[in-house]
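Everything on this sheet refers to the single structure shown next.
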Number of protein chains: 2
Amino acid sequence: MAKVDFSPIADTTRRAEIVALLRRAILTGQLAPGQKLNELRISEQMRVSRAPLREAMRELVQEGILTSIPYAGTFVIEVTAKDIDDAYSFNKVMDELAIERAWPLRDQRFFDELDRRHEAVKQATRALDTTRQIETALQLHGLIYEWADNSVLLETWQRLTSRLQMYFALHQHARNEPVPAEDVHETYVRLLKGKDMRAAQRHAREHIDLDFEELLAYARGLEQRPSRGA
Amino acid sequence: MAKVDFSPIADTTRRAEIVALLRRAILTGQLAPGQKLNELRISEQMRVSRAPLREAMRELVQEGILTSIPYAGTFVIEVTAKDIDDAYSFNKVMDELAIERAWPLRDQRFFDELDRRHEAVKQATRALDTTRQIETALQLHGLIYEWADNSVLLETWQRLTSRLQMYFALHQHARNEPVPAEDVHETYVRLLKGKDMRAAQRHAREHIDLDFEELLAYARGLEQRPSRGA
DNA sequence: GACAAGCAGATTGTCGACAATCTAACAAGA
DNA sequence: TCTTGTTAGATTGTCGACAATCTGCTTGTC
């Protein structure tokens, strides 16, 4: 009998597809923070009834990227500097933990996967696809969580990822700059392959710092002159 | 003009009430792990249509205490020893972090609230209300998270709490023992009021150990002879 | 007796319509 | 002019019915 690893079949419910579509729209910034999601309009655009759409929205509310006010509407979450700061500071600690847990479990498969994801980032960078660049960078970063062998830790990371992706997308969207050409993940990957765990943790912390500082500055700027309007 | 702090008005949707009902049923063990939730039956019992019930279920799926398989059903999550171990080990690190962050922010209101929640645990203990005892103990424990001034940390704790409460309720339910008479939180509260942060962190870690070890042993026992049945 | 095909029955997923609620514009009165 | 009451429109919340899918049993064939 042939030994084939069949991956789970794709979700066939409309709900799942709607969730994916909405999430993508939010995380890429097509739906701006604070924006209201009109159920009727969206359901008509998607050619779907409101039932699966509403269920999908409930999921995204729990996922933390939508917020719902009864009888008023469902909105994309607002992004404050404090939110970003909280996520950033929390992420630093989590990273240290993940590296610590994943460290003794690194094996050939880990290194291969690390290279694979690193390659994906570089490819997105070369293609000047900023959205995909953010996505792949987070996936690269998420490997230590997948390897840490702790379901709660992984799940927490995945929840956080949604918001991080949204924040970075916002940032990119705002300054509308070309992506950095140099490879900022080179050192990170090298250290994860090395023998000095502390060094890897330290780098992860500092590396994150760099990205976030800019992001924070941007968010603080936003709060000075609050956007929003009719 | 009178200065009154009006609290937000209660959620008035059926969905919100259903979520509360279902969550309570799961966390108290009235709905056993692995059990299937029949939508038609539940909606009839609650005198509600399936729409708000399904939306409520979606929320609880995202909350991590239900799991859904398309066209098959929605089930209460199974509890494995590894799940408990993961939650426990994750919780230890989070606790240290929360204490560290909350420590410099402790004030009179913190101490008052600490006493208030401690009192609630003692009262539930005296009343031999095990469910309420678990609930209040977790609320006591959660204060450091509320005070840590980090929304992501707090949110993560709240998600974790659901599952912790479920685990402990299962345990209690299984051994069906009277609640411990002595006050196991005395030291914890005292240390949180003191000046030695490290000591508080150490105690939190060790205190949690105690509770969890028993729980883990119980869960491992479960996995030997897998329950399950018609 | 073993096995595949096909057929109920039950359950989940989706739909369209109705009810409840909110918002904003407008009118009436102090 | 400001406040309050009213009303129309739009939007969300909920309902009951239908469609799609799964499960287990029965039936027929070898």
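Because the structure is predicted, anything quoted here is derived from the model rather than measured. Sequence lines set the chain letters: A, B, ... in the order given, protein chains first and strands last, and positions in each chain run from 1.
Side-chain contact between B:L22 and B:I18 is present, with heavy atoms from C-beta onward closer than 4.5 Å. The closest side-chain heavy-atom distance from A:T131 to A:F168 is not below 4.5 Å. Counting only heavy atoms from C-beta outward, the side chains of B:S68 and A:R15 approach each other to under 4.5 Å. The shortest side-chain heavy-atom distance between B:Y145 and B:M94 falls under the 4.5 Å cut-off.
Atom-to-atom, CD of B:E44 to P of D:dG16 comes out at 10 Å; the value is rounded to the nearest Å. The CZ atom of B:R15 sits 21 Å away from the P atom of C:dA19 (whole-angstrom rounding). Rounded to whole Å, the distance from CG on A:N38 to C1' on D:dA10 is 9 Å. Atom CD of A:E39 is separated from atom C1' of C:dA17 by 15 Å (rounded to the nearest Å). Protein atom CG of A:L40 is 15 Å distant from nucleotide atom P of C:dC18, rounded to whole Å.
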Next item on the list: Check the pair B:R109, B:E113 against salt bridge (Lys or Arg N to Asp or Glu O under 4.0 Å), reporting the backbone distance first and the verdict last.
Entry: CA-CA 6 Å; B:R109 264 186 57 234; B:E113 187 64 19; over 6 Å; no

Item checked: Candidate pair A:R50 and A:I42, rule side chain to side chain contact (heavy atoms under 4.5 Å, CB included), full reasoning -> CA-CA 9 Å; A:R50 283 173 56 225; A:I42 294 179; over 6 Å; no

Next item on the list: I would like to know whether B:R14 and B:E17 meet salt bridge (Lys or Arg N to Asp or Glu O under 4.0 Å); could you show each step before the answer?
Entry: CA-CA 5 Å; B:R14 297 180 194 279; B:E17 289 198 49; over 6 Å; no

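DNA chain C lies under 4.0 Å from at least one heavy atom of each of the following residues of residues 48-63 of chain A: A:V48, A:S49, A:R50, A:A51, A:P52.
In this view, B:R58 and A:E55 satisfy the salt bridge (charged side-chain N to carboxylate O under 4.0 Å, His left out) rule, not counting sequence neighbours. In this view, B:D115 and B:K193 satisfy the salt bridge (charged side-chain N to carboxylate O under 4.0 Å, His left out) rule, not counting sequence neighbours.
Salt bridge status for A:D86 with A:K82: present, with a side-chain N to carboxylate O gap under 4.0 Å.
Applying the salt bridge (charged side-chain N to carboxylate O under 4.0 Å, His left out) test to pairs two or more places apart or on separate chains, those with a residue in residues 60-75 of chain A are A:R23-A:E63.
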Show each protein N/O and nucleotides 6-9 of chain D N/O combination with a separation under 3.5 Å, one pair to a line.
none

Would you tabulate the pairs of protein nitrogen or oxygen atoms and nucleotide nitrogen or oxygen atoms of nucleotides 21-23 of chain C closer than 3.5 angstrom?
none

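With C:dG13, D:dG13, D:dT14 as the candidates, the nucleotide lying closest to the side chain of B:R14 is D:dT14.
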